[in-house]
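First listed ligand is number 1; within each ligand, the first listed atom is number 1. FYI, the numbering just counts along the sequence from 1.
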Amino acid sequence: MIVVLKPHVTEEQIATVVRMVEELDYRAHVIRGVERTVVACVGDERGDHQLGHLESLAFVDRVMPVLRSFKLAAREVRPEGSRINVNGVEIGGKRITVIAGPCAVESKEQVEAAAVAVKAGGAHLLRGGAFKPRTSPYAFQGMEDEGLRLLEAAGHKAGLPIVTEIMDPHDIDLFVEHADMLQVGARNAQNFSLLRRLGRIKKPVLLKRGMSTKLEEFLMAAEYILSEGNPNVVLCERGIRTFETATRNTLDLNAVPLLKQWTHLPVIVDPSHGTGIWSLVTPMALASIAAGADGLLIEVHPDPAVARSDGPQQLKPERFTELMKLLAPVAKAVGRSL
Ligand code: PEP
Ligand code: MN
């Protein structure tokens, strides 16, 4: 259930609602929107009729059920959509946000070259994996702690906040110290202990869709983070497994408008992993923005031919710059900017 408060309520009135909700054995999440504040009540639905009585309070507008299985992620909770602040860079506003950088941090020179190049091309955030989830235990696993520090330094040098993947909840302190946004990869999309742990920090989380995760399951994964108290979640469509093997994954662009209807959380698209083929990245990036995505995640490597992971899908810097140029008119056509 959600309790929609009337405009201009006082902090005391919000606290009153929270107390009454908690007395009914629900957890209360206060969500402050632009126009109104909503108290989302999560708990055993058998008490819902009692929550309905809150409508008699003068400062309560209405009490309404959230019928879907995801509650805090539901669009009704914040109809105007969420804007997530990543160390000064907003995701979910009018402007399209572009996260770019190499698949993996490979050396100081490589990550610095990538950072400077994507900044020059117009990226807003720098990405790079330090801890890599590889299919084979014999493949390059990332530079780990050192990679994280190199990414941080490169971001600093280029003036870009950084996004990087966390695999193990035990590493959380290290990531909170060095990264601006923590990515949960497709392989960990339903690692519930990791999700819960990320719910207990305030740093923004970039949650990727699992390769066989249905959209409802994807939003329930986000719900794990939200329900622990971290409201800063951005969703990323990165392709799913289908019978098609001509591309690495099948980029599910249906997900973009559907997720935007179902949830207030920002939705970005990763056409690099979604296709696995560099020559498909630009067309699918344009299509993603046309479909209503709030941003993109693009893998860019100074020299993809020698990349230690995902070489075939990474763009050369000049191709990234070209992508950004092509993106501007598409963004404008759908009422967005770059
Ligand atoms: C990545 O972003 O480098 C990555 C491993 O992506 P995914 O989890 O989507 O495969
Ligand atoms: Mn990759």
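- Aromatic ring centres of F70 and F218: separated by at least 6.0 Å.
- In this structure, the protein non-hydrogen atom closest to atom 4 (C) of ligand 1 is H273 NE2, 3.4 Å.
- Ligand 1 has no N or O atom lying under 3.5 Å from any N or O atom of E165, backbone or side chain.
- D310 contributes OD2 and H273 contributes NE2; the angle these two atoms make at the Mn ion (ligand 2) is 90°, rounded to 10°.
- Residue-ligand proximity, G185 to ligand 1, at heavy-atom distances under 4.0 Å covers atoms 8 (O).
- Considering both main-chain and side-chain atoms, R248 never comes within under 3.5 Å of ligand 1 through any nitrogen or oxygen pair.
- Taking distance alone, with nitrogen or oxygen atoms compared against 3.5 Å, L297 stays at or beyond that limit from ligand 1.
- More than 12 heavy atoms of other residues, nucleotides or ligands lie within 6.0 Å of NZ in K202, so this atom counts as buried by the packing criterion.
- Rounding to 10 degrees gives 100° for the angle at the Mn ion (ligand 2) between SG of C103 and OE2 of E299.
- For R238, a nitrogen or oxygen atom sits less than 3.5 Å from a nitrogen or oxygen atom of ligand 1, counting backbone and side chain alike.
- Looking at H273 and D310, their side chains do bring a donor and an acceptor atom within 3.5 Å of each other.
- Taking the centre and axis of the six-membered ring of Y224, the NZ or CZ atom of R196 falls outside the cone set by 45° and 6.0 Å.
- Between K208 and ligand 1, a contact under 3.5 Å exists for at least one N or O pair.
- Atom 2 (O) of ligand 1 has R127 NH1, 2.7 Å as its closest protein atom, hydrogens excluded (heavy atom only).
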